[in-house]
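All of these numbers come straight from a predicted model, not from anything done at the bench.
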Amino acid sequence: MALRACGLIIYRRLQAGSPSKVDDNIEYLLLQTSYGTHHWTPPKGHVDPGEDDLQTALRETQEEAGLNSSQFTLIEGFKKELQYTVRSKPKTVIYWLAEMNDCNTEIKLSDEHQAFRWLKLEEACKCAEYKEIQAALRAVHQFLCSKA
């Protein structure tokens with residue numbers, strides 16, 4: 001049976017309402033795990049029994065980054081499903097997109113993570129070593145540029 005996880009790709013605008021290019025104005029939140037290879041990903045986690053996918057994404061974001069749903073806005077029209085293999089088992093991860101309401105909101109990490117960074121697209125892709133996460137970040141960026 002495939003593992004299933006859900007999360008949010010969270011971004012912030014450095015200058016609200018700024019006419020500057022999206023490239024110069026957007027940073028993505030990545031968390032560094034405190035276990036394994038200490039990889040960097042957006043907040044995500046496994047679906048608990050009785051939860052739907054979006055509930056999981058919201059709960060995991062609260063648990064891992066200390067952000068509750070009043071601190072960000074879900075962005076309509078973006079949902080990305082990733083499929084890859086972890087320890088010889090298939091895994092599906094579903095991400096929604098969210099924009100921080102206040103770019104200075106404090107991030108409060110759980111024990112599962114040891115660091116966080118706000119990064120522009122290219123820096124985020126370098127940190128997120130897995131090609132699936134890189135592709136998801138690029139898809140988000142393209143989506144945001146198309147709306148600009």
Side-chain angles (χ1 to χ4, degrees), residues 2-35 38-84 86 91-148:
L3 300 170
R4 187 173 187 85
C6 300
L8 296 180
I9 295 175
I10 299 172
Y11 71 96
R12 67 181 183 181
R13 291 184 193 273
L14 299 178
Q15 300 172 352
S18 170
S20 67
K21 289 177 18 187
V22 169
D23 287 349
D24 299 331
N25 200 34
I26 298 274
E27 291 182 330
Y28 300 96
L29 176 64
L30 293 181
L31 310 179
Q32 185 181 35
T33 61
S34 55
Y35 57 86
H38 304 295
H39 60 282
W40 293 84
T41 66
K44 70 170 182 349
H46 296 286
V47 178
D48 284 346
E51 261 184 340
D52 69 31
D53 291 342
L54 185 55
Q55 286 174 323
T56 299
L58 296 172
R59 176 183 54 76
E60 288 291 340
T61 299
Q62 170 75 51
E63 290 176 5
E64 295 185 355
L67 298 173
N68 67 57
S69 60
S70 69
Q71 295 173 299
F72 54 80
T73 302
L74 287 174
I75 304 301
E76 292 291 321
F78 187 91
K79 182 176 165 184
K80 183 78 172 165
E81 185 171 312
L82 311 181
Q83 296 186 339
Y84 51 94
V86 177
K91 183 171 185 175
T92 298
V93 180
I94 300 170
Y95 282 111
W96 284 264
L97 181 58
E99 180 177 6
M100 293 300 300
N101 295 332
D102 176 353
C103 70
N104 296 312
T105 299
E106 182 183 3
I107 304 301
K108 299 174 191 150
L109 296 176
S110 72
D111 293 342
E112 294 177 43
H113 295 89
Q114 62 186 13
F116 74 90
R117 292 177 70 187
W118 287 103
L119 299 165
K120 292 188 177 175
L121 178 64
E122 289 309 316
E123 296 167 308
C125 287
K126 285 177 190 166
C127 268
E129 299 168 17
Y130 297 109
K131 66 182 188 309
E132 295 85 1
I133 299 293
Q134 293 171 355
L137 290 167
R138 291 185 195 286
V140 163
H141 206 73
Q142 186 174 9
F143 176 80
L144 293 172
C145 286
S146 73
K147 292 182 66 144

**Y28 and H141 aromatic centres sub-6.0 Å** = yes
Requested in this report: Give the C-alpha distance, both sets of side-chain angles, the deciding distance and a yes or no for side-chain contact (heavy atoms from CB on, under 4.5 Å) between L54 and C6.
Outcome: CA-CA 7 Å; L54 185 55; C6 300; over 6 Å; no
If I take atom [atom1] from residue [X] and atom [atom2] from residue [Y], how far apart are they, to the nearest 0.5 angstrom?
| X | Y | atom1 | atom2 | value |
| --- | --- | --- | --- | --- |
| I10 | T61 | CD1 | OG1 | 4.5 Å |
| S70 | N101 | OG | CG | 7.5 Å |
| Y11 | I75 | OH | CD1 | 3.5 Å |
| L3 | Q83 | CG | CD | 12.0 Å |
| Y35 | Q114 | OH | CD | 11.0 Å |
| L109 | T33 | CG | OG1 | 11.5 Å |

task = Give the intermediate values and the outcome of salt bridge (charged side-chain N to carboxylate O under 4.0 Å, His left out) for residues E64 and R59.
result = CA-CA 9 Å; E64 295 185 355; R59 176 183 54 76; over 6 Å; no
* Are a donor atom and an acceptor atom from the side chains of S110 and E63 found within less than 3.5 Å of each other? -> no
### Message
Whether the S34 and D111 side chains hold a donor-acceptor pair (N or O, under 3.5 Å, no angle test) is what I'd like checked.
### Response
no
Between E27 and R12 (salt bridge meaning N to carboxylate O under 4.0 Å), is one present in this structure?
yes
message = Does any part of the side chain of V93, heavy atoms only, come nearer than 4.5 Å to the side chain of E81, both counted from C-beta?
response = no
- Do Q32 and E112 come close enough that some side-chain heavy atom pair is under 4.5 Å? no
Which of T56, T92, D53 passes side-chain hydrogen bond (donor to acceptor under 3.5 Å, both in side chains) with R4? Answer is D53
Return the minimal non-hydrogen interatomic distance between [X] and [Y], and the atom names on each side.
| X | Y | answer |
| --- | --- | --- |
| Y95 | L8 | CD2-N, 3.8 Å |
| K44 | E60 | O-OE1, 3.5 Å |
| F116 | L31 | CB-CD2, 3.7 Å |
| F143 | G77 | CE1-O, 3.5 Å |

Checking side-chain contact (heavy atoms from CB on, under 4.5 Å) for the pair I26/R13: CA distance, chi angles, key distance, verdict?
-> CA-CA 5 Å; I26 298 274; R13 291 184 193 273; 3.8 Å; yes
Of L29, L58, L97, D102, the one forming a side-chain contact (heavy atoms from CB on, under 4.5 Å) with F72 is L58
Taking distance alone, no hydrogens or angles, what donor-acceptor pairs closer than 3.5 Å link side-chain atoms of residues 127-137 to residues at least two apart or in another chain?
| residue | atom | partner | partner atom | Å |
| --- | --- | --- | --- | --- |
| Q134 | NE2 | C125 | O | 2.8 |
| Q134 | NE2 | A128 | O | 2.9 |

So does Q142 have more than 12 non-hydrogen atoms from other groups sitting under 6.0 Å from CD?
-> no
Next item on the list: Report yes or no: does E99 contribute a side-chain atom to a donor-acceptor pair with the main-chain N or O of T73 at less than 3.5 Å?
Entry: no
**Asked** Is the side chain of Q71 donor-acceptor paired with the backbone N or O of N68 at a distance under 3.5 Å, no angle test?
**Response** yes
Self-check item: L119 and K126: CA distance, side-chain angles, deciding distance, side-chain contact (heavy atoms from CB on, under 4.5 Å) verdict
Solution: CA-CA 10 Å; L119 299 165; K126 285 177 190 166; over 6 Å; no
